[in-house]
Amino acid sequence: MRALTATPSCLAVPLPADIISTVEFNHTGELLATGDKGGRVVIFQREPESKNAPHSQGEYDVYSTFQSHEPEFDYLKSLEIEEKINKIKWLPQQNAAHSLLSTNDKTIKLWKITERDKRPEGYNLKDEEGKLKDLSTVTSLQVPVLKPMDLMVEVSPRRIFANGHTYHINSISVNSDCETYMSADDLRINLWHLAITDRSFNIVDIKPANMEDLTEVITASEFHPHHCNLFVYSSSKGSLRLCDMRAAALCDKHSKLFEEPEDPSNRSFFSEIISSVSDVKFSHSGRYMLTRDYLTVKVWDLNMEARPIETYQVHDYLRSKLCSLYENDCIFDKFECAWNGSDSVIMTGAYNNFFRMFDRNTKRDVTLEASRESSKPRAVLKPRRVCVGGKRRRDDISVDSLDFTKKILHTAWHPAENIIAIAATNNLYIFQDKVNSDMH
Amino acid sequence: MFARGLKRKCVGHEEDVEGALAGLKTVSSYSLQRQSLLDMSLVKLQLCHMLVEPNLCRSVLIANTVRQIQEEMTQDGTWRAVAPQAAGRAPLDRLVSTEILCRAAWEQEGARPAPGLGDGHTQGPVSDLCPVTSAQAPRHPQSSVWEMDGPRENRGSFHKSLDQIFETLETKNPSCMEELFSDVDSPYYDLDTVLTGMMGGARPGPCEGLEGLAPATPGPSSSCKSDLGELDHVVEILVET
């Protein structure tokens, strides 16, 4: 298994730390955005690798910070609307500016990020500070010249997509057509045009006529990376529905239903809860889907609806602890999952600040820890092991000593290189594979 | 943990619950565990009443779990699990409170109000629930527990607290007031709906087959009750805005 090292910028906490709620690389991997519980977005930029400093393998430094969402109050329901950023998605870059969508429970915003590194100097009518000159002192005309200045990153909200959702938004996904995107809440999915904020089309609605009949909610959704008419959404009952927007305006009827039959030997009162899919991601190739439920990650082939083609146990030792995890609400934790650039390795988080990687080809897996102690810059991360009774090796951790408050819910993988971003509560860790980064 | 086939403990001869519970002469630890899971789930649903809108996914999953337990208990015939005279005995406190909850379900069909969870309205763990309800039990013989404060009041308070609990799960189009009132959904999760597993009495209640308890026709009372629930809810909105 590849060895991961902590980068020098591995621990990046620029502001009073708040719990990180989402992490996302842009399409080139040059930028990394994080959103937090306080409604802030922090963008990191990878420094170009320089020959002068071969040690700096392209570290990520803070590029921009801005307040994306503020807390709001819904007067009708007497409820607060949290400013926590649920998801960030980058738009494909079409000009010098970068754009991203950020969303809280109710409102999606489109932000434009521009750089300014030059400014005009030599005005005729104004002096250096901008004050009007005394015209009598102006004896000749000059053409203002652009001179370099310290880089300034400006972020401005370009669109606000509000009032589209009654329930809490859990996902946003930009379409491959680069013109539309979708937003999904617990019961509905809406399609928006990036330039139009006062209208959106409802494409999925699973709200029952009588809310007492509600037994299933939407948990995640994503557009297919290449086919702009296809999208998938997952449910709290563990099913995936692939929908084709060409089939009908309202895609309540799925084109394909992916569902694994329940294993009767493992049946318990918690079976449904642990089968709830917390995240779904298409592979880069578009051929597969990756899902995360409470105890496993599964790879599905779009051509096979009956069952996943691969299932990986993330922390099966928790299966006997489900009642306690139900009691302390941990069973409802929503872990995300990620593909690497070549779709050969999948990654997901767990408890105790552990995260897991599964190599689909070699079938080997590794457990690593994101913590200050084990992440000195350029230190190689040591594989960890959770022991379930029986023989215990020296550095093993027993199931009962796991810290369930330290959960890694959000992880991201660079689109091309072996660089990963791990959000551990209020710390962001960036790890990269020193050995392989030269070899891709 | 909750695997079936858990060895049942024989607690002794005195545990002779009503004869209708065929075969279940002893209190099994599986039933106890299942009961505590049910209690825990109901408390969790209560705790949804917070400043921020509760997580719908979590609520739905918990409600489904409650439904599952109730279905299984119905199949087992253990829906009315424990002898009422067990009130006051320490290890069975929890069972008493649940028995009262279970009573609440079909007592209501007979147009009897049920304080249920509303009275306690505790935000604490399950253990808090027990003292409240088991304190009531010794005071009143079980059949008249609900009559103490007068049916109307109790029912009102029950519904009010249910509504308070679940109004945050309400679905309303807030765009205009007319639509607001015309489109009032009753709370998506109705306590006795879950406990009885029925929607407006479409299915026979869990009391079917149990000695001395005729399946009631819940139609008129449940619709009356849901109207009352809607009314309470509308009043609450008016008061709050």
Side-chain angles (χ1 to χ4, degrees), chain A residues 71 73-82 84 105-106 163 166-168 170 185-187 207-220 235-237 264-278 294 319-329 331-334, chain B residues 1-4 33-34 36-38 40-41 43-44 47 49-69 71-72 125-126 164 166-177 180 185-190 193-194 198-200 226 236-237 239-241:
Chain A
F73 195 75
D74 181 336
Y75 292 96
L76 207 59
K77 294 186 189 178
S78 289
L79 291 169
E80 281 183 7
I81 298 171
E82 284 188 312
K84 172 168 75 88
D105 283 337
K106 298 285 188 179
N163 303 318
T166 307
Y167 303 97
H168 290 178
N170 53 54
D185 66 31
D186 295 311
L187 298 178
K207 180 177 176 234
N210 188 350
M211 277 296 271
E212 289 175 354
D213 298 333
L214 180 66
T215 56
E216 192 174 9
V217 300
I218 297 170
T219 51
S235 84
S236 56
K237 287 199 171 171
S265 64
N266 260 338
R267 177 113 184 80
S268 74
F269 285 118
F270 306 108
S271 294
E272 187 187 308
I273 299 177
I274 62 169
S275 74
S276 173
V277 174
S278 51
Y294 192 63
R319 201 176 285 273
S320 56
K321 313 260 175 218
L322 292 178
C323 194
S324 313
L325 294 164
Y326 179 74
E327 195 172 5
N328 63 17
D329 265 12
I331 207 175
F332 301 107
D333 286 337
K334 292 187 196 263
Chain B
M1 166 134 318
F2 277 61
R4 303 245 195 164
Q33 286 177 334
R34 181 174 61 185
S36 76
L37 181 64
L38 178 64
M40 199 198 307
S41 304
V43 169
K44 277 184 184 299
L47 289 174
H49 184 54
M50 298 177 302
L51 197 56
V52 183
E53 206 161 0
N55 185 329
L56 187 63
C57 181
R58 177 177 171 274
S59 306
V60 167
L61 288 172
I62 297 172
N64 289 351
T65 307
V66 169
R67 233 177 249 127
Q68 267 185 66
I69 295 173
E71 275 169 19
E72 189 182 281
V126 174
Q164 274 174 347
F166 297 118
E167 73 175 3
T168 54
L169 301 169
E170 222 37 34
T171 67
K172 236 152 246 59
N173 183 349
S175 60
C176 69
M177 290 299 275
L180 178 72
D185 290 343
S186 46
Y188 99 90
Y189 169 82
D190 200 10
T193 299
V194 171
M198 72 172 89
M199 232 68 69
S226 70
E236 280 210 49
I237 290 172
V239 165
E240 284 184 40
T241 56

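Each chain gets a letter, A, B and so on, in the order its sequence line appears, and its residues count up from 1.
- The number of heavy-atom neighbours closer than 6.0 Å to CG of A:Asn266, taken from other residues, nucleotides and ligands shown, is above 12.
- Taking CG from B:Leu37 and CZ from A:Phe270, the interatomic distance works out to 4.5 Å, rounded to the nearest 0.5 Å.
- Between atom OG1 of residue A:Thr219 and atom CG of residue B:Leu61 there is a gap of 9.5 Å, rounded to the nearest 0.5 Å.
- Proximity to chain B is limited to the side chain of A:Ser276, based on heavy atoms less than 4.5 angstrom apart.
- None of A:Ile218, A:Val217, A:Asn170 except one satisfies the side chain to side chain contact (heavy atoms under 4.5 Å, CB included) rule with B:Leu56; the exception is A:Val217.
- Legend: residues meeting side chain to side chain contact (heavy atoms under 4.5 Å, CB included) with A:Glu216, ordered by chain and number and at least two apart, are A:Ser235, A:Ser236, A:Lys237, A:Ser239, A:Arg241.
- Between B:Met40 and A:Cys323, the closest heavy-atom pair is CE-SG, 4.3 Å.
- Of the inter-residue distances, the one linking B:Arg58 atom CZ with A:Ile331 atom CD1 reads 11.5 Å to the nearest 0.5 angstrom.
- One finds the CD1 atom of A:Ile273 at 8.5 Å from the CG atom of B:Asn64 (value rounded to the nearest 0.5 Å).
- The minimum heavy-atom distance linking B:Lys44 with A:Glu327 is given by the pair NZ-O, 2.9 Å.
- Considering OG1 of B:Thr65 and OH of A:Tyr326, their distance stands at 4.5 Å, rounded to 0.5 Å.
- Rounding to the nearest 0.5 Å gives a distance of 14.0 Å between OH of A:Tyr167 and SG of B:Cys57.
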